[in-house]
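Just so you know, these numbers use all the heavy atoms, side chains as well, and skip hydrogens, waters and symmetry mates. Predicted model only: the values in this text are computed from it and were never measured. Proteins come first, then strands; the chains are lettered A, B, ... in the order of their sequence lines, and each starts at number 1.
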2 protein chains.
Amino acid sequence: MKDTVNQLKEYLIKHDIKPSTIRLKILEYLLNNPIHPTADDIYKSLLDQMPTLSKTSIYNTMDLFAGKGVVKVISLDEKEARYDINTCLHGHFKCHVCERIYDFPISCDIQTPQELEGFAINDIDINFYGICQNCKNKERRIWKWNG
Amino acid sequence: MKDTVNQLKEYLIKHDIKPSTIRLKILEYLLNNPIHPTADDIYKSLLDQMPTLSKTSIYNTMDLFAGKGVVKVISLDEKEARYDINTCLHGHFKCHVCERIYDFPISCDIQTPQELEGFAINDIDINFYGICQNCKNKERRIWKWNG
DNA sequence: CTCATATTTTATAATAATTATAATTTTACA
DNA sequence: TGTAAAATTATAATTATTATAAAATATGAG
């Protein structure tokens, strides 16, 4: 238990962030719940552990984390930002039925398109939208029931 | 002039949309300004032509257009939605210096990643972020000036 | 053509995510 | 142990968007 906390502390320090209770709790939450949570998801999940927690602290912490490269902010077709603890290049699939967000790997050989020759590319977002296999199976079952 | 209006009318009708003054003006604006405008961009640009125009009408029209496939809503790393009159698959590059958004083609041979086998993919967003050539050149010039 | 009805547009208010500001609490360390 | 800096919180402000209902416009039957 204490070891875990120390690992989390080191993780933050390595990223040039002073550890604090809130920051450790948020980091722990993100590592245990790699579901691309929104600020509100994080807030609601930590509220019973930390009853004085404020939403502003979540935003402050996430801004700090994003600036130090601990999380990547992801923008899907929704108005809330989401936070991804996995900052390595990968794609996201959002199912518009269950709203779940799936990760998928991206072949590393993305070559710069000719049109962007001379551009500096710092970041890449690849988002797919559709229906996941789970939800597709459910739909099929419903069709059967309805005849 | 009239011919153009008729072409615009037909374009809407073909997309199952009843033409109206507002809809035609917005469509015309989008075709003449393929700059991925926000609702506010469109509103401000049309306000002098149509002084009674309301922001709500822009949102209504864009929702209608998006539903009928006349525009694609694009979500970049900003809170406002943008609208793209080009609904064919292509990528976007946003320069974080000049904020301009560039289009670039995507090689058609995007194969479904194994992880998404059995998923229905309805839509793909590919967004790159960085500094465009223009702004990079300007930066270089500033370095020179500064010594 | 004219009235009734449906559609479109507008004005207004409500909502929700985020940011700004300043006050309070906690931490660090002289 | 006291003080300055940093972190956290409460509160209010901002902004994009949506909801609602009223007003304006278009449509179509008689």
So which protein nitrogen or oxygen atoms get under 3.5 Å of nucleotides 24-30 of chain C's nitrogens or oxygens?
none

**Prompt:** Is there a donor in the side chain of A:Asp84 and an acceptor in the side chain of A:His92, or the other way round, less than 3.5 Å apart?
**Reply:**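 Judged by distance alone, the side chains do pair up.
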Does some side-chain heavy atom of [Y] sit less than 4.5 Å from a side-chain heavy atom of [X]?
X: A:Lys55; Y: A:Tyr59; result: yes
X: A:Thr61; Y: A:Asp63; result: no
X: B:Ile131; Y: A:Phe119; result: no

**Message:** With the threshold set at under 4.0 Å for non-hydrogen atoms, list the residues of residues 76-86 of chain B touching DNA chain D in residue-number order.
**Reply:**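 Of all residues in residues 76-86 of chain B, the ones placing a heavy atom under 4.0 Å from DNA chain D are B:Lys79, B:Glu80, B:Ala81.
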**Asked** Looking at DNA chain D, which of residues 42-68 of chain A put a heavy atom within less than 4.0 Å of it?
**Response** A:Thr52, A:Leu53, A:Ser54, A:Thr56, A:Ser57, A:Asn60
**Request:** Could I get the full list of ring-ring contact (aromatic ring centres under 6.0 Å, His included) partners for A:Tyr29, not counting sequence neighbours?
**Result:**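 Applying ring-ring contact (aromatic ring centres under 6.0 Å, His included) to A:Tyr29 gives none.
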**Message:** Could you work out, with ring-ring contact (aromatic ring centres under 6.0 Å, His included) as the rule, every residue matching B:Tyr83, not counting sequence neighbours?
**Reply:**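 Partners of B:Tyr83 by the ring-ring contact (aromatic ring centres under 6.0 Å, His included) criterion come out as none, since no residue qualifies.
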Residues in salt bridge (Lys or Arg N to Asp or Glu O under 4.0 Å) contact with [X], at least two apart in sequence or another chain:
X: A:Lys18; value: none
X: B:Glu115; value: none
X: A:Glu10; value: none

**Prompt:** Pick one: which of B:Thr56, B:Leu53, B:Thr38 meets side chain to side chain contact (heavy atoms under 4.5 Å, CB included) with B:Tyr43?
**Reply:** B:Leu53
**Request:** With sequence neighbours excluded, tell me which residues meet side-chain hydrogen bond (donor to acceptor under 3.5 Å, both in side chains) with B:Asp16.
**Result:**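 In terms of side-chain hydrogen bond (donor to acceptor under 3.5 Å, both in side chains), with neighbours along the sequence ignored, B:Asp16 is linked to B:Lys68.
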**Item:** Strand DNA chain D as a dot-bracket string - pairs counted if Watson-Crick or G-U with both distances under 3.5 Å, | where the partner lies in another strand
**Value:** ||||||||||||||||||||||||||||||
**Asked** Transitive ILVMFWY cluster of B:Ile101 at side-chain heavy atoms under 4.5 Å: who else is in it?
**Response**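 Its cluster partners, ordered by chain and number, are B:Leu76, B:Tyr129.
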**DNA chain D: 5'-most and 3'-most nucleotides touching chain A, 4.0 angstrom heavy-atom criterion** = D:dA6 to D:dT11
**Prompt:** Are the side chain of A:Arg82 and the backbone of A:His36 linked by a donor-acceptor contact shorter than 3.5 Å?
**Reply:**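 Yes; at least one donor-acceptor contact below 3.5 Å.
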**Asked** Is a side-chain donor or acceptor of B:Asn33 paired with a backbone partner of B:Ile35 at a separation under 3.5 angstrom?
**Response**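 Absent.
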**Message:** How close do B:Tyr102 and B:Cys95 get, counting heavy atoms only, and between which atoms?
**Reply:**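 So the two residues come closest at CE1-CB, 4.5 Å.
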